[in-house]
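Heavy-atom basis, side chains included; hydrogens, waters and symmetry copies ignored.
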Amino acid sequence: MYDGPVQDLIDELGRLPGVGPKSAQRIAFWLLDQPAEDVDRLAHALVEVKQKVHFCEICFNVTDQEVCRICRDPKRDPSSICVVEESKDVVAIERTREFHGRYHVLGGSISPIAGRGPGDLHIAELVRRLSDDAITEVILATNPNLEGEATATYLSRLLGQTPGIQITRLASGLPVGGDLEYADEVTLGRAFSGRRYVD
């Protein structure tokens with residue numbers, strides 16, 4: 001245990017995902033060795049991201065404007081919406097350069113264990129978006145794990161009867177139990193180009 005501010009910093013760093021007590025201590029002492037202006041830049045970036053970044057009013061991707069860059073892009077295909085769990089999944093799919101439509105970020109997945117049901121996600125907003133006659137395909141790109149599969153099944157049943165809209169799911173190639181953000185570009189690209197229709 002350290003005195004005052006040093007221990008406070010270690011405790012706060014230890015709350016970050018994937019940062020254990022030893023890593024938190026190592027980061028804290030690394031920060032202490034840095035010039036004050038570098039630490040000020042980091043502190044400013046943390047404060048600024050909380051003040052300026054919010055969710056796109058259309059797709060719920062993170063943005064510092066009312067509407068995100070992808071939703072504003074007139075070159076994107078308005079007929080196709082790719083449904084993902086988190087904003088980091090948008091980045092993973094964009095890296096493949098296989099998809100040129102729009103996105104819808106659910107804000108998580110259905111998880112009874114975590115107490116998260118359909119009402120806690122941006123599903124109602126997705127249904128509202130589908131009233132646009134331009135949309136002809138919804139691609140379910142949830143993570144290939146238990147919660148992601150449950151979410152995809154729920155959405156396919158909910159949206160399956162929507163006239164004029166085809167519901168597809170990413171093809172095999174993604175490991176079951178994995179997360180999209182950890183898939184390499186080739187695997188994710190193959191899964192995307194080989195997506196299948198939901199029965």
Between Trp30 and Leu13, is there shared hydrophobic-cluster membership here, with clusters defined by ILVMFWY side-chain heavy atoms closer than 4.5 Å? yes
Where do Thr153 and Arg157 land on the side-chain contact (heavy atoms from CB on, under 4.5 Å) test, with the steps shown first? CA-CA 6 Å; Thr153 300; Arg157 289 181 182 155; 3.7 Å; yes
Do Glu147 and Asn143 have a side chain donor and acceptor closer than 3.5 Å? no
Is a donor on one side and an acceptor on the other found under 3.5 Å between the side chain of Asp89 and the backbone of Glu86? yes
Glu94 vs Ile70, test: side-chain contact (heavy atoms from CB on, under 4.5 Å). Steps then yes/no. CA-CA 10 Å; Glu94 283 295 287; Ile70 294 172; 4.2 Å; yes
Nearest heavy-atom approach of Ile110 to Pro118 is CD1-CG, 3.9 Å
Could you check if a side-chain atom of Leu46 sits within less than 4.5 angstrom of a side-chain atom of Lys50, using non-hydrogen atoms only? no
pair Phe55-Val105: side-chain heavy atoms closer than 4.5 Å: no
Residues in side-chain hydrogen bond (donor to acceptor under 3.5 Å, both in side chains) contact with Glu12, at least two apart in sequence or another chain: Arg15
According to side-chain hydrogen bond (donor to acceptor under 3.5 Å, both in side chains), does anything in residues 106-134 pair up with another residue at least two apart or in another chain? List the pairs. His104-Arg129
Under the side-chain contact (heavy atoms from CB on, under 4.5 Å) test against Val83, which residue among Ile167, Val138, Leu159, Ile139 passes? Val138
Do the side chain of Asn145 and the main chain of Gly148 share a donor and acceptor less than 3.5 angstrom apart? yes
What do the steps show when you test Leu31 against Asp38 for side-chain contact (heavy atoms from CB on, under 4.5 Å), and what is the final call? CA-CA 9 Å; Leu31 287 168; Asp38 289 356; over 6 Å; no
Does atom CZ of Arg95 have more than 12 heavy-atom neighbours, drawn from other residues, nucleotides or ligands, at distances under 6.0 Å? yes
Does Leu140 belong to the same Ile/Leu/Val/Met/Phe/Trp/Tyr cluster as Val127, with side-chain heavy atoms less than 4.5 Å apart forming each link? yes
Would a single hydrophobic cluster contain both Ile58 and Ile165, if residues Ile, Leu, Val, Met, Phe, Trp and Tyr are joined by side-chain heavy-atom contacts under 4.5 Å? no
With rounding to the nearest 0.5 Å, note down the distance linking CZ in Phe99 to CG in Leu188. 12.0 Å
Do Ser79 and Glu137 have a side chain donor and acceptor closer than 3.5 Å? no
Do Thr142 and Arg169 have side chains that get closer than 4.5 Å, going by heavy atoms? yes
For Glu66, does the CD atom have more than 12 heavy-atom neighbours from other residues, nucleotides or ligands under 6.0 Å away? no
Decide if atom OH of Tyr182 counts as having more than 12 heavy atoms of other residues, nucleotides or ligands within a radius under 6.0 Å. no
Distance (rounded to the nearest 0.5 Å) between Ser23 OG and Leu16 CG: 10.5 Å
Would you say that Gln7 contacts Asp3 through its side chain, given a criterion of any heavy-atom pair below 4.5 Å between the two side chains? no
Report yes or no: do Val19 and Ile10 belong to one cluster of Ile/Leu/Val/Met/Phe/Trp/Tyr joined by side chain heavy-atom distances under 4.5 Å? no
Measure the shortest side-chain to side-chain distance between Val49 and Asp64 over non-hydrogen atoms and say whether it is less than 4.5 angstrom. no
Does the pair Asp73/Arg76 count as a salt bridge with the N-to-O cut at 4.0 Å? no
Looking at Leu121 and Gly108, what are the two nearest heavy atoms and their distance? CD2-C, 3.6 Å
Can you confirm whether Ser80 sits close enough to Ile135 that some side-chain heavy atom of one is under 4.5 Å from a side-chain heavy atom of the other? no
Less than 4.5 Å apart, any side-chain heavy atom of Leu9 and any of Ile27? no
Derivation of the side-chain contact (heavy atoms from CB on, under 4.5 Å) call for Tyr154 and Ile123: CA-CA 10 Å; Tyr154 176 85; Ile123 293 174; 3.8 Å; yes
For Cys56, is there any backbone N or O sitting under 3.5 Å from a side-chain donor or acceptor partner on Thr63? no
Linked, directly or transitively: Leu180 and Val91 (ILVMFWY side chains, under 4.5 Å): no
Would you find a donor on one side and an acceptor on the other, under 3.5 Å apart, between the side chain of Arg72 and the backbone of Val67? yes
Does a side-chain heavy-atom distance below 4.5 Å link Val84 with Leu106? no
Of the non-hydrogen atoms in Tyr103 and Ile93, which two are nearest, and what is the gap between them? OH-CG2, 3.2 Å
When you look at CD of Glu37, are more than 12 heavy atoms from neighbouring residues, nucleotides or ligands closer to it than 6.0 Å? yes
Donor-acceptor contact below 3.5 Å, side chain Ser87 vs main chain Val62: yes
